[in-house]
Peer 1: 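For reference, the structure I am asking about is given below.
Position 1 is the first residue of the sequence, and the numbers go up from there.
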Amino acid sequence: MAIQVLIRRRFIKEKEAVLAPLVVRLRSLALAQPGYISGETLKCIDPAGDDEYLVRSTWRSVEDWKTWLHSETRTAIQSEIDTFTGEATEYRIYEPLVGGIMPRYTDRGNVPLTEAPL
């Protein structure tokens, strides 16, 4: 089952010109990795002044993501990024919700039904 990885990086505004090419380089290298499906890089605009990038990528499996995460090439670039940001990059792995996880609700408000999941 495909997974989503969210990567959050905070940065100092004055160092954005150095950080952005490194983030783009990581993304370019990820394109060639086994199991990589897609991704996008976002810059926070609200709240204003919150200097943060959020990368969302889709991978075929957790194993494919972890292989890339721990690769020598990636860790070298990530080390450069961490030097410029002065803060640890945050990673979160998500999987899609599938039937049976979310409860169904009645038209009487927040009263869950127990007989049939979504």
Side-chain angles (χ1 to χ4, degrees):
M1 173 185 311
I3 54 112
Q4 296 278 321
V5 177
L6 298 182
I7 303 168
R8 184 175 148 216
R9 294 185 176 99
R10 292 187 167 278
F11 60 93
I12 299 166
K13 187 74 166 174
E14 292 75 30
K15 299 202 178 186
E16 184 176 17
V18 176
L19 178 62
L22 293 170
V23 172
V24 169
R25 186 166 171 219
L26 273 181
R27 174 98 185 275
S28 297
L29 290 168
L31 292 169
Q33 299 308 305
Y36 180 85
I37 297 172
S38 66
E40 64 183 334
T41 302
L42 307 167
K43 181 180 175 188
C44 183
I45 60 170
D46 187 23
D50 197 9
D51 299 326
E52 176 182 302
Y53 288 140
L54 180 69
V55 177
R56 182 205 51 81
S57 61
T58 304
W59 293 81
R60 183 179 52 209
S61 68
V62 172
E63 293 77 21
D64 289 330
W65 158 247
K66 287 186 176 181
T67 298
W68 169 237
L69 175 68
H70 299 297
S71 72
E72 191 174 309
T73 300
R74 188 188 181 292
T75 55
I77 297 168
Q78 183 60 51
S79 179
E80 285 185 68
I81 289 172
D82 290 344
T83 298
F84 289 114
T85 63
E87 194 171 311
T89 298
E90 296 177 25
Y91 303 91
R92 299 284 187 267
I93 302 172
Y94 294 85
E95 65 183 1
L97 290 175
V98 260
I101 294 175
M102 299 295 292
R104 288 181 42 190
Y105 291 94
T106 67
D107 59 350
R108 294 176 284 152
N110 289 336
V111 179
L113 292 174
T114 56
E115 65 269 2
L118 288 176

Peer 1: Determine whether I37 and L42 fall in the same hydrophobic cluster, where Ile, Leu, Val, Met, Phe, Trp and Tyr are linked whenever their side-chain heavy atoms lie under 4.5 Å apart.
Peer 2: no

Peer 1: Does Y91 belong to the same Ile/Leu/Val/Met/Phe/Trp/Tyr cluster as Y53, with side-chain heavy atoms less than 4.5 Å apart forming each link?
Peer 2: yes

Peer 1: Rounded to the nearest 0.5 Å, what separation is found between the CD atom of E40 and the CZ atom of R27?
Peer 2: 7.5 Å

Peer 1: Among D51, L19, V18, which residue meets the side chain to side chain contact (heavy atoms under 4.5 Å, CB included) test with T85?
Peer 2: L19

Peer 1: Could you tell me if the side chain of W68 sits less than 4.5 Å from the side chain of L29, heavy atoms only?
Peer 2: yes

Peer 1: Looking only at heavy atoms, which two atoms of V62 and I93 are closest? And how far apart?
Peer 2: CG2-CG2, 4.2 Å

Peer 1: When you compare the side chain of I7 with that of T89, does any pair of heavy atoms fall below 4.5 Å?
Peer 2: yes

Peer 1: What pair of heavy atoms forms the shortest contact from P34 to W59, and how long is it?
Peer 2: O-CZ3, 3.8 Å

Peer 1: List the atom of A2, the atom of T58, and the distance in Å for their closest heavy-atom pair.
Peer 2: CB-CG2, 4.2 Å

Peer 1: How long is the gap from OG on S57 to CD1 on I3, to the nearest 0.5 Å?
Peer 2: 7.0 Å

Peer 1: With a 4.5 Å heavy-atom cut-off, do Y36 and D64 have their side chains touching?
Peer 2: no

Peer 1: Under 6.0 Å from the CZ atom of R56, do we count more than 12 heavy atoms belonging to anything else shown?
Peer 2: yes

Peer 1: Hey, what do you get for CZ (R74) to CD (Q33), rounding to the nearest 0.5 Å?
Peer 2: 10.0 Å

Peer 1: Between atom OG of S79 and atom CD1 of I81, what is the distance when rounded to the nearest 0.5 Å?
Peer 2: 9.5 Å

Peer 1: According to a 4.5 Å side-chain heavy-atom criterion applied to Ile, Leu, Val, Met, Phe, Trp and Tyr, with indirect links allowed, do W65 and M1 form part of one hydrophobic cluster?
Peer 2: no

Peer 1: Would you compute the distance between atom CG of L6 and atom CG of L54 and round it to the nearest 0.5 angstrom?
Peer 2: 5.5 Å

Peer 1: Shortest non-hydrogen contact from L69 to T75?
Peer 2: O-CG2, 3.6 Å

Peer 1: Are R9 and F84 packed together at the side-chain level, in the sense that at least one heavy-atom pair is separated by less than 4.5 angstrom?
Peer 2: no

Peer 1: Minimum heavy-atom separation for L26 and Q78, please, with both atom names.
Peer 2: CD1-OE1, 4.0 Å

